[in-house]
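For reference, the structure discussed in these notes is given below.
All values derive from a computational prediction rather than experimental measurement.
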Amino acid sequence: VQLQASGGGLVQAGGSLRLSCAATRRSFSAVAMGWYRQAPGKQRELVAGIGRLGNTDYADAVKGRFTISRDNAKNTVYLQMNSLKPEDTAVYYCNAAQFLSTLADATIGVWGQGTQVTVSS
């Protein structure tokens, strides 16, 4: 699965951004999709996931602020980020897994370059 994330940028604290991830996979609807981020000096972490049936899960740090969604007709997954904080600054990536529960440690896609999100205070 090839993945291309886009939509990042520079935003002030409290602002919003919407990220998109286009996947090249025929059976896109059959896999779970996740958004990840990696801040400087930190490990990459899973921040949001969406299963085949639209069920979602979020990291505690983003609950209530981020919303993940998917459009299977467009092979695209989105991340709506509201109330952004400086600590959300990171490179954001997307990837796929067989199940929502395996997004954290068993991705099946090729990691792309990600998209930079910078939140100024």
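Residue Gln80 qualifies as enclosed at atom CD: its count of foreign heavy atoms under 6.0 Å is above 12.
With sequence neighbours excluded, the residues that form a side chain to side chain donor-acceptor pair (under 3.5 Å) with Ser16 are Asn82. Under the side chain to side chain donor-acceptor pair (under 3.5 Å) criterion, Ser69 pairs with no residue, sequence neighbours left out. Here Ser121 pairs with nothing under the side chain to side chain donor-acceptor pair (under 3.5 Å) rule; sequence neighbours left out.
Placement of Phe28 and Ile68 within a single hydrophobic cluster is found when ILVMFWY residues are connected by side-chain heavy-atom separations under 4.5 Å, directly or transitively. Under a hydrophobic-cluster definition in which Ile, Leu, Val, Met, Phe, Trp and Tyr are linked whenever side-chain heavy atoms come within less than 4.5 Å, directly or via other members, Val11 and Trp35 are assigned to the same cluster. Following chains of ILVMFWY side-chain contacts shorter than 4.5 Å, one can reach Tyr58 starting from Leu17, so the two form part of one hydrophobic cluster. Linking Ile, Leu, Val, Met, Phe, Trp and Tyr whenever their side-chain heavy atoms come within less than 4.5 Å leaves Tyr78 and Val62 in two separate clusters. The same ILVMFWY cluster, assembled from side-chain heavy atoms under 4.5 Å apart, contains both Val31 and Ile50.
Not a single donor-acceptor pair under 3.5 Å links the side chain of Thr102 to the backbone N or O of Ala97. Distance alone, capped at 3.5 Å, places no donor-acceptor pair between the Tyr93 side chain and the Leu3 backbone. The backbone N or O of Lys42 lies less than 3.5 Å from a partner atom in the side chain of Gln38, making a donor-acceptor pair. A distance-only check finds a donor-acceptor pair linking the side chain of Tyr36 to the backbone of Leu103 [under 3.5 Å].
Counting only residues at least two apart or on different chains, the disulfide bond (SG atoms under 2.5 Å apart) pairs with a member in residues 8-109 are Cys21-Cys94. Sorted by first then second residue, the salt bridge (charged side-chain N to carboxylate O under 4.0 Å, His left out) pairs that include residues 69-87, not counting sequence neighbours, number zero. Every pair passing salt bridge (charged side-chain N to carboxylate O under 4.0 Å, His left out) that includes a residue from residues 88-109 is listed here, sequence neighbours excluded: Arg37-Asp88, Arg65-Asp88.
Remark: Thr56 OG1 to Met33 CE distance equals 14.5 Å, nearest 0.5 Å. Here the OG1-CG distance, from Thr76 to Leu19, works out to 12.5 Å after rounding to the nearest 0.5 Å. Rounding to the nearest 0.5 Å gives a distance of 8.0 Å between OG1 of Thr67 and CG of Leu79. From Ile108, atom CD1 reaches atom CG of Asn95 across 7.5 Å, with rounding to the nearest 0.5 Å. Interatomic distance, Ser6 OG to Arg18 CZ, rounded to the nearest 0.5 Å: 10.0 Å. Note that CD of Gln12 is 8.0 Å distant from CG of Leu10, once rounded to the nearest 0.5 Å.
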(request) Go through the steps to decide whether Gln116 and Tyr92 satisfy the test side-chain contact (heavy atoms from CB on, under 4.5 Å), and finish with yes or no. (result) CA-CA 6 Å; Gln116 176 71 47; Tyr92 283 71; over 6 Å; no
(request) Before giving the answer on side-chain contact (heavy atoms from CB on, under 4.5 Å), spell out for Asn55 and Leu100 the whole-Å C-alpha distance, their side-chain angles and the decisive distance to 0.1 Å. (result) CA-CA 8 Å; Asn55 47 323; Leu100 184 62; 3.5 Å; yes
